[in-house]
Structure formats: C-alpha cells, structure tokens
Asks: 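My questions will all concern the structure given below.
So you know, we letter chains A, B, ... as the sequences are listed, proteins then strands, and number each from 1. Excluded from the calculations below are hydrogen atoms, water molecules and symmetry mates; all remaining heavy atoms, backbone and side chain alike, are included.
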Number of protein chains: 2
Amino acid sequence: MSELNERAQLLLKALTERYIRDGQPVGSRTLAREAGLKLSPATVRNVIADLEDLGLVRSPHTSAGRVPTVQGYRLFVDTLLSVKPLEQETVEELQENLEIEGDSRGLMETASSLLSDVTRLAGVVTLPRHEHASLQRVEFLPLSNRKVLAILVISDTEVQNCILNTERDYGAAELQQYSNFLNEQFAGKELHSVRATLLAELRETREHLNRMMTTAMTMADKVLGEAEKGSDYVLAGQTNLMDCDELCNVTTLRHLFEAFDEKREILGLLDQCVESEGVQIFIGEESGYQMLDECSLVTAPYTVDGKVLGVLGVIGPTRMAYERIIPIVDATARILSAALNPRD
Amino acid sequence: MSELNERAQLLLKALTERYIRDGQPVGSRTLAREAGLKLSPATVRNVIADLEDLGLVRSPHTSAGRVPTVQGYRLFVDTLLSVKPLEQETVEELQENLEIEGDSRGLMETASSLLSDVTRLAGVVTLPRHEHASLQRVEFLPLSNRKVLAILVISDTEVQNCILNTERDYGAAELQQYSNFLNEQFAGKELHSVRATLLAELRETREHLNRMMTTAMTMADKVLGEAEKGSDYVLAGQTNLMDCDELCNVTTLRHLFEAFDEKREILGLLDQCVESEGVQIFIGEESGYQMLDECSLVTAPYTVDGKVLGVLGVIGPTRMAYERIIPIVDATARILSAALNPRD
DNA sequence: TTTAGCACTCCCGGTGCAAGAGTGCTAACA
DNA sequence: TGTTAGCACTCTTGCACCGGGAGTGCTAAA
C-alpha cells in the first residue's frame, strides 16, 4: 500500500527491463545479479513478494520467475523509464524520407512504413482530418458517358477527386459556371459548414433556385460527402508482429488482423489520442479492446499550425522496448508535422 | 505409364473430394465406402498403390491414408472436376455490388472484398493496366506554395492526379495554355507513346522549344511517370487464410503475408495470367514461388472492349473447394468486365 | 481380378520419472 | 529489524515408454 521505496522501484525497473530484453520470467537470483544492488536472492524475493501483493508483477505459475503486470508496465513507463536519446542516424533517416512530395496520403504511407521499419513493429498513421479544413476550390471537368469529374482542393497537399454519375452530359462551359458559382460562395469556408449550408439550401429553396444551382450543389454535396467520411488510417509492417513470440499464435494474430481490416475499433482508439499533447501510451487491456490485450499502442499527434490533424503511432506487444519506441514515435510526429507545415 | 483407367480416375476424384472436404488423409476403407463402387478396401489399396507410383497421391507417413499431390490436384482440376453451377444468389450479390460508381480503384476494392467474402479466402484484383490506354485529357490547376495540381484523364472511370512541386508559382492562364498545347498534340494517343515522344523531344530540342513548352512537357512527363509505374493490386480478406489449418502456422503465414506486402512477386505471378483466355490455376509449387507452396491461385482476366485490362482471383490453400471457387472467379471476372464496359 | 487375413508400421495420447529452476518459509545472524 | 542461508516444496520440461487405433503391404485363397 505505502509508496514504493527506492529499492523496490529499482527492482521493478530491473525486472521489467530484463523481461523486455529476453522475454523470460525473471527469477530472484537473476534479478539480484541484474539490479546491481548487493542483495541476496532471498532478500530480492521478499521485495518481489510485496510487488506481487501490489499487483505490479505476477508469476505465470508457481515456480517460475515474475513478469510485470499491466499495472507494473504502467508504473514503469510513467515513472521509472529512462528514455534513450535517439540515434542521430534514425533521425536523419526519418527526416530524409519525410520530405513532402505529392499528396498527403503518400506522405502518411511513408511515415507509416518508416515507423514500422525503424521500430520493427507495426506503424500506423491516421489520415489528416478535414473537419476544420476549409475548401480552397472546386472544379468540375466533363467526362464522356454522363460522368463528371469533380475536384476538391483542400490545401496544397490535399486534393480529392471523385467521378460523379449524372443524368445527362454536361459541357465544359456549363460546368465552369457551376464551379465559379460555388467558388465565389464557398471558397475559404470550412468544409462542414459548406456542407451544412448546401444541404439546407437544397432542401429549403429547391424550387426557387434555377436548375443550374441545384445541379452544382448536388454535385458539390456528393464530393463533400466523400471527403468527410474519409476517417481512415494507414497501417504498415503488420508482419513484424508475427515475429513477437507473445503474439505468435494464430488466434491472437487473427483477432488482431481482423481488427486492422475492420478499422473501426482501431480508429476509435486512435481518435482518443488526438486530445493529448504529446506521446500517449495504452498498455494491454487499458485500451479497452480485447484484440489489443497483449499489445501496447504508443501514439503522438501531428499538427499543422498548432492544430492537431491526426495521430501516428506504433502497435506492438506489451513487452516492447518502450525506452526506444517512445522517442521514435515522438520524433516522427515532430518531423511529420514539420514536413506538413508550409515553410518559407 | 499407361493411361489411368476409369476406376482409378474415379477413385482419385473421390479421394481428392473427400480430402478437400475434411482435410484428413483418406484411408482405403473410407474411400471404398465413399466412391460408391462396390469394392473392398483391399482392392482400393491396390489401385491407390498405382496412383502413388504415378505420383498422384502420397501418404504423410507410413500408416496414414493418402492425400493428393500437386500432380494429383492438377489432374483433378483439369479432367475430373465437375464444377458446381453458381447459386443464383451469389451471382446477384456480385452483380448488385459491382455497379460502377466512382473511380476504378474503388471498384477493384469492392471486387476484391466480394471475392474474399464469397469464397472465404483471400481475393485479389490487379488495377487496370494503362499500357495500351490512351490519354483523354490533361489539366493543370494552380495551387499555392509553388505547387501545381496535374490531372490526367485516361477514361471515364480512370483519373489520376498528382501534385507537382515546381520552381515557381504558375497562374491559371499560363497553365491553361500548357494543357491546351498538350491536349492538342497528344489527346487520344497511347500513354506510353506520349511519354516516349515527350522524353525524346525534351532531350533533343530542349534549346529550340520555348520555355513554356518545356515546362508543360516536364510536368506532363512527371504525371505520366506516376501513372505508368502504377502496376499494383488490391488484396482483401487475408485474414480468411488464417482459418485454413494447412496454413495455420506462424512461419508459413508470415512468409505469405510478407509476400503480400512486398507485392512484387505476387504481381509477377498475376501478370502471367494476363495472357490466358479464361480461368487459370496455379497449384502449390507450380507457381514457382516458395511462399505459395501450400497455396493455390485461381485467376481470370477482366477485359474492356475485348482487351485484357487486368486479372482478378483468389488465393487459398491448395486444399480448396475448386468446384466452387472456379465458377465464382469466372463469374466475377465477367461481371466486372461488364461493369467496366460502357453500356448504352 | 478381387478379396480376406494378418503382421507390421507409425501416430497419438497418456503416464512416469528425473533434472532444473524458482519459490515460500523459517531460523539464524548483524 | 532488516538481511541472509538453508531447505522443503512446486511446477515445468524433456524424455522414454506403452497401448490403442488406423491404415498399410503382402500373401494366399476365391
């Protein structure tokens, strides 16, 4: 119950580090050697027994060593962890590869693979949210066969296009009129307010507006619908998880991969991380999602102009090298933010 | 060796069907009952011994029943298989969901998930190849921050866009000039010839052309480069493979999933299927790729205007229900082709 | 050519055993 | 009072062994 004294903390730290390193339950003899304290195994056993009472460690079976519980990990990452400073080469690798080039989806994909390569775990990056983005411009181009190409420019790096099926062919000039109209009225407005206005006007004044307006609005609305539903993420390096021995049974993996495919739950979890300022960590069952029971998630938000656009992170086994992963996730988020912010 | 007599064929068929059904090596007693012939187990054993000499079946160990070898499966699918006619509801499900709406990538994604849902295996669809596609139109739109949005219209259902970093800002009018120029010169030409011409002209006459042309061409070339390298595929339902007991060990799965991520090898294999007219099947090691040793691949090409644009198919364990899978793949390819072909 | 009979092989699950690792407890020690 | 040595105990792990079951291959008879 009382606060953990220094020795107990040190032992928990040593135990956790050792267990993270080689995945075997740690016994008192090993720990006594490991911790650097001049203590006999018997003494260590006494301390460990206390830690067990506090629910910080447990033994897989009667005569095995101890492994950290979720609470043990929590305490470890919150107060005991000494994060490694990043190696310069890792930072450089990240910086070199996160030069913005092309659209933002491509960038998120690189970020995700970089994360997974550097950490040897699964990397995940949510696509930028458009909620507070504003509409820069809309363009319509005629295609053949009663189709129209709609292009939605949200920012320099964020363009969405969508092919609309219409009830007749439109000419270039006519479409130009529509887009001019929309641009005049809505350019610079926030996407969701644009959409709300459009919907309202469509409903209320359908009769009063001329045919052109209606068509333009219906089109614009369809495109916006596409753009808004785009809550999504990019995952890379799932296969790395198949190397972790704690996840290495087919049923666990299956649940995990199904959740990746399903996306909904993972997205829900990632959305929770948008709030936090810096690195956030979910350990094992803390996430509240069963398929992540044996996993931890380390995330950090990325921003443009101080506004959080999304989060990136790493999914791996609970027993991951936090002291290495945390700074990597942190740095990646910073570098990605830097890449997204328009310089000069 | 002599031709297989009818009885041997019948037994091989029964054996394969039975093995596909429940995954256990089939013994002579079971087979004698199964085949419907009035034969004693001993007789069956004799026949089976011949099949084994021919390399069509093998036993996992001395005193187990027999399972088909790759050659056995080959013979089975080539000459013994009685394909099930598709259930009407499956066809309807496919047809309803493969209505074209939006761009072709979306369509391929639906096709892929449909395949995986209906077969309970992994579905794969290659994206349409652009090699013989022709350029319908190019458009450039100015963005801020020294960026230009290039849009490449290939067909009604195939649009590609790409954000170019340029060395200065361009105005709308100027860009319009460029695209007009390119459209006049290249609209309707095949993509790769457009590209070749561009490259050649760029090299040879760089000095003679005015600045505008050069810029326009460089831009167009960048976009085309993007468009051409786009040999890619969409995969769905990988997790289904985790249910197949023959693939259910982590190392096999890892190799497989790594190959899926890598894409190169799988693409190579899929490209080989472009040639064939109809359904094509690779069984186990026939594919030549080690990670597919325990897998079979059933593919069929999809076409527009009689030209093959790509292939779709199903990846599953060697022991899959061919008589059900083959017609599904076949039908899906037809329906997808129909959806892509401009009607009316 | 087909079949019955039979010895043989191999897998599989259960059991027993010994070694090893680690614990919890107790009693002695500083 | 905190630390340590000693010791009995528990539990895993690997190994060998055994018996039943399934299925084969061979031989000889129908």
Side-chain angles (χ1 to χ4, degrees), chain A residues 2-12 14-16 18-19 21-69 72 245-246 248-249, chain B residues 2-12 14-16 18-19 21-69 72 245-246 248-249:
Chain A
S2 69
E3 280 297 290
L4 240 43
N5 64 38
E6 195 175 343
R7 196 175 61 181
Q9 289 192 15
L10 217 78
L11 283 175
L12 177 59
L15 184 144
T16 312
R18 172 75 190 214
Y19 179 66
R21 186 152 11 106
D22 64 28
Q24 296 302 316
V26 187
S28 53
R29 191 197 317 282
T30 323
L31 195 50
R33 241 185 289 113
E34 194 85 353
L37 305 172
K38 293 215 178 289
L39 289 178
S40 74
T43 316
V44 171
R45 281 206 288 278
N46 287 326
V47 182
I48 294 296
D50 296 343
L51 293 180
E52 186 155 27
D53 288 341
L54 292 171
L56 298 170
V57 300
R58 62 186 182 81
S59 49
H61 58 85
T62 329
S63 78
R66 298 310 202 300
V67 304
T69 60
D245 18 353
E246 38 270 295
C248 235
N249 71 77
Chain B
S2 65
E3 280 296 290
L4 238 45
N5 63 38
E6 195 175 343
R7 196 175 60 181
Q9 291 192 14
L10 216 78
L11 283 175
L12 177 59
L15 184 145
T16 311
R18 172 74 190 216
Y19 179 67
R21 186 154 9 107
D22 65 28
Q24 296 301 317
V26 187
S28 52
R29 189 195 318 281
T30 323
L31 194 51
R33 241 184 289 112
E34 194 84 353
L37 304 173
K38 294 218 178 289
L39 289 177
S40 75
T43 316
V44 172
R45 281 205 288 278
N46 288 325
V47 182
I48 295 295
D50 297 343
L51 293 180
E52 186 155 27
D53 289 340
L54 292 171
L56 297 170
V57 300
R58 64 188 179 78
S59 48
H61 57 84
T62 329
S63 77
R66 298 311 202 299
V67 303
T69 60
D245 15 355
E246 39 270 295
C248 235
N249 71 77

Asks: For dT10(D), does OP1 or OP2 lie under 4.0 Å from any side-chain N or O of Thr62(A)?
Replies: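 So the side chain of Thr62(A) is outside the cut-off, no N or O lying under 4.0 Å from OP1 or OP2 of dT10(D).
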Asks: Can you tell me if Ser28(A) touches the phosphate of dT23(C), counting only side-chain N or O atoms and a distance under 4.0 Å to OP1 or OP2?
Replies: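 Yes, Ser28(A) has a side-chain N/O under 4.0 Å of OP1/OP2 on dT23(C).
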Asks: So which of residues 34-41 of chain B are in contact with DNA chain C, with a heavy-atom cut-off of under 4.0 Å?
Replies: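 The answer is Lys38(B), Leu39(B), Ser40(B).
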Asks: For the side chain of Arg45(A), counting heavy atoms from C-beta on, which of dG5(C), dC11(D), dG24(C) is nearest?
Replies: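 Looking only at side-chain atoms, Arg45(A) lies closest to dG24(C).
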Asks: For dG24(C), does either OP1 or OP2 sit under 4.0 Å from a side-chain N or O belonging to Arg66(A)?
Replies: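 Yes, such a contact exists.
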Asks: Taking for each residue the nucleotide of DNA chain D with the nearest heavy atom, is it Asn46(B) or Gly65(B) whose nucleotide lies nearer the 5' end?
Replies: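 With Asn46(B) and Gly65(B) compared, the 5'-side residue is Gly65(B).
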Asks: Donor-acceptor pair, Asp245(A) side chain versus Cys248(A) backbone, under 3.5 Å?
Replies: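 Absent.
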Asks: So Val26(A) and Arg66(A), do their side chains get closer than 4.5 Å, heavy atoms only?
Replies: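 The answer is no; the side chains never approach within 4.5 Å.
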Asks: What's the closest nucleotide to the Arg29(A) side chain, out of dG25(D), dG23(D), dG22(C)?
Replies: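 Closest nucleotide among those given: dG22(C).
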Asks: Take Thr43(B) and Ala42(A), find for each the nucleotide of DNA chain C with the closest heavy atom, and name the residue whose nucleotide sits nearer the 5' end.
Replies: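 Between the two, 5'-proximity favours Thr43(B).
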Asks: Less than 3.5 Å between a donor and an acceptor, one on the side chain of Ser63(A) and one on the base of dT10(D), is that the case here?
Replies: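 Per atom types, the contact qualifies.
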Asks: Would you check if there is a donor-acceptor pair between the side chains of Thr69(A) and Arg58(A) at a distance under 3.5 Å?
Replies: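 No - no donor-acceptor pair under 3.5 Å links their side chains.
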Asks: Select one nucleotide: of dT12(D), dT3(D), dG25(D), the one nearest the side-chain heavy atoms of Glu52(B).
Replies: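 Of the options given, the side chain of Glu52(B) lies nearest dG25(D).
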